[in-house]
J.: 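Below is the structure I would like to discuss, written out as structure tokens.
In this chain, residues are counted from 1 in sequence order. Side-chain atoms are counted along with the backbone in the values below, which use heavy atoms only and exclude waters and symmetry mates.
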Amino acid sequence: MMNLEEIWGQVLSQLQPEMPRASFDTWVRDTEVVSLEKNILTISARNAYARDWLESRMTAIVQNILK
């Protein structure tokens, strides 16, 4: 079974080719997985602005990848 870091790494590897490089580097590259509890994957972002950007633009995409 994959650990959380490996799962998140797989998500990032699928996101990267689908996004402009600047957006990936700015918003996604520095994220880290924190926990998985009750089917909720918690990810850390560098600041609140990055969190809001990721939450508003990437939640549905990441959910689809994880399925």
Side-chain angles (χ1 to χ4, degrees):
M1 186 170 160
M2 292 177 26
N3 66 33
L4 291 179
E5 287 78 20
E6 290 169 330
I7 293 168
W8 189 240
Q10 290 289 319
V11 170
L12 295 181
S13 70
Q14 290 185 49
L15 284 175
Q16 189 169 9
E18 303 297 322
M19 298 177 66
R21 183 182 178 116
S23 294
F24 184 86
D25 288 349
T26 299
W27 305 111
V28 181
R29 183 176 302 282
D30 294 339
T31 58
E32 294 180 0
V33 66
V34 175
S35 66
L36 174 61
E37 294 180 28
K38 298 180 182 171
N39 285 334
I40 297 173
L41 187 67
T42 303
I43 305 300
S44 69
R46 75 174 79 172
N47 56 44
Y49 190 75
R51 179 203 61 214
D52 292 346
W53 189 95
L54 291 162
E55 196 169 39
S56 66
R57 291 172 176 81
M58 304 304 294
T59 298
I61 295 165
V62 170
Q63 286 172 338
N64 285 333
I65 291 171
L66 290 170
K67 287 179 184 171

J.: Would you say the side-chain atoms of Arg29 pair up with the backbone N or O of Leu12, donor to acceptor, closer than 3.5 Å?
T.: no
J.: Minimum heavy-atom separation for Trp53 to Met58, with atom names?
T.: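 That closest heavy-atom pairing would be CZ3-CG, 3.8 Å.
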J.: Relative to the ring of Trp27, is the ring of Tyr49 parallel (under 30°), tilted (30 to 60°) or perpendicular (over 60°)?
T.: tilted
J.: Within a radius of less than 6.0 Å around CD of Glu6, do more than 12 heavy atoms belonging to other residues, nucleotides or ligands occur?
T.: yes
J.: Using 0.5 Å steps for rounding, measure from the CZ atom of Arg46 to the OG atom of Ser44.
T.: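 Here the rounded value is 11.0 Å.
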J.: List the atom of Leu54, the atom of Ala45, and the distance in Å for their closest heavy-atom pair.
T.: CD1-CB, 3.9 Å
J.: Is it true that Trp8 and Thr31 share a donor-acceptor pair across their side chains at a distance under 3.5 Å?
T.: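 A donor-acceptor contact under 3.5 Å links the two side chains.
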J.: Which distance, rounded to the nearest 0.5 Å, do you find between the CD of Glu32 and the OG1 of Thr42?
T.: 13.5 Å
J.: Stepwise, does the side-chain contact (heavy atoms from CB on, under 4.5 Å) test hold for Ile7 with Val33?
T.: CA-CA 9 Å; Ile7 293 168; Val33 66; over 6 Å; no
J.: Quick check: do Glu18 and Ile61 have side-chain heavy atoms less than 4.5 Å from each other?
T.: no
J.: Can you tell me if Thr59 uses its side chain to pair, donor with acceptor, with the backbone of Ser56 under 3.5 Å?
T.: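 Not at all, since once roles are kept as given, no pair shorter than 3.5 Å links the two residues.
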J.: Evaluate the criterion side-chain contact (heavy atoms from CB on, under 4.5 Å) for residue pair Leu4 and Val34; output intermediate values, then yes/no.
T.: CA-CA 8 Å; Leu4 291 179; Val34 175; over 6 Å; no
